[in-house]
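Some notes on the structure that comes next.
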Amino acid sequence: MKILADYHTHTKYSHGAGTIEENVLKAIELGIKKIGISDHGYKHLLYGIKLDDIFKMREEIDKLNEKYNQIDILLGMECNVLDDKGNIDTNDKVLEVCDYIMAGYHFGSTPISFDSLMNHFNNSTIKGKKAKEYNTKAIINAMKNNDIFIITHPGDKGEVYIEEVAKVAKDTNTNLEINSSHGFLTVEQLKKIKDINCNFIVGSDAHKPSDVGNFDVAIDIIKKSKIDVSYVKNIVL
Ligand SMILES: [Zn+2]
Ligand SMILES: [Zn+2]
């Protein structure tokens, strides 16, 4: 397998263990030509980056791009899907400095309405149809209202109707992630959507430098689901 890019890696700027440069060095060691630094959006109560840090990260990445010309280093952000209206934690200034944004649902994101608070509660307790409908709407509207490159770990922590998500992903040209840390998309989800022909990206979701480019779990899922690998855009199997 050849890894063309790993767009999903965390650093000390959120709750990763390493620095940007340490993630880059691991990617270089593996021969990866493109790495994305994508820390948690600022509306995550526990792990969100400090909003001003995104500008520091941009400067750091610009310098590292000059230092290491064998690799392309990108600045991303893993925004939080905040409610069913399609709100995510980004703003014009963030979009201006980032090369791309991703978005995913996380328990620790700041509730921005009573319904979004209740949805966190439902996802962690009752689960069920109401939560599944809310989560599906949240991701679909996030894709429609924002220019999102990748939806991270779809269905993790909050179940979704994956066929509906995949159809909108195809229409909006959004990649769905096969996340190698969380194991979402799952084999079962991929089997349900393999004829929708949306694109996929594998992400390590590395929280320490040694996990950058570790796609083992995702590769296993891809093989078991028997999807057409030409739709997985950042690996060559
Ligand atoms: Zn995540
Ligand atoms: Zn992540």
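Start at 1 and go down the list; that is how both ligands and their atoms are numbered.
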E133/K129 ion pair, N-O < 4.0 Å: yes
When you measure from the Zn ion (ligand 1) to each N, O or S atom of H153, which atom gives the shortest distance?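 This turns out to be NE2.
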Considering only N, O or S atoms of E78, the one closest to the Zn ion (ligand 1): OE2
Side-chain heavy atoms nearer than 4.5 Å, only ILVMFWY residues, links allowed to pass through others: does that put F149 and V94 together?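 In one cluster: no.
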Less than 3.5 Å apart, any donor N or O on the side chain of S230 or D228 sitting next to an acceptor on the other? yes
Starting from the Zn ion (ligand 2), look over the N/O/S atoms of D205 and name the nearest one.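 Within D205, restricted to N, O or S, the Zn ion (ligand 2) is closest to atom OD1.
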Per residue H10, nearest N, O or S atom to the Zn ion (ligand 2) is named NE2
Mind checking whether the Zn ion (ligand 1) has an N, O or S of H182 under 2.8 Å? no
State whether the side chain of N234 and the backbone N or O of A5 hold a donor-acceptor pair below 3.5 Å, judged by distance alone. yes
How are the rings of H40 and H44 set relative to one another: parallel (under 30°), tilted (30 to 60°) or perpendicular (over 60°)? tilted
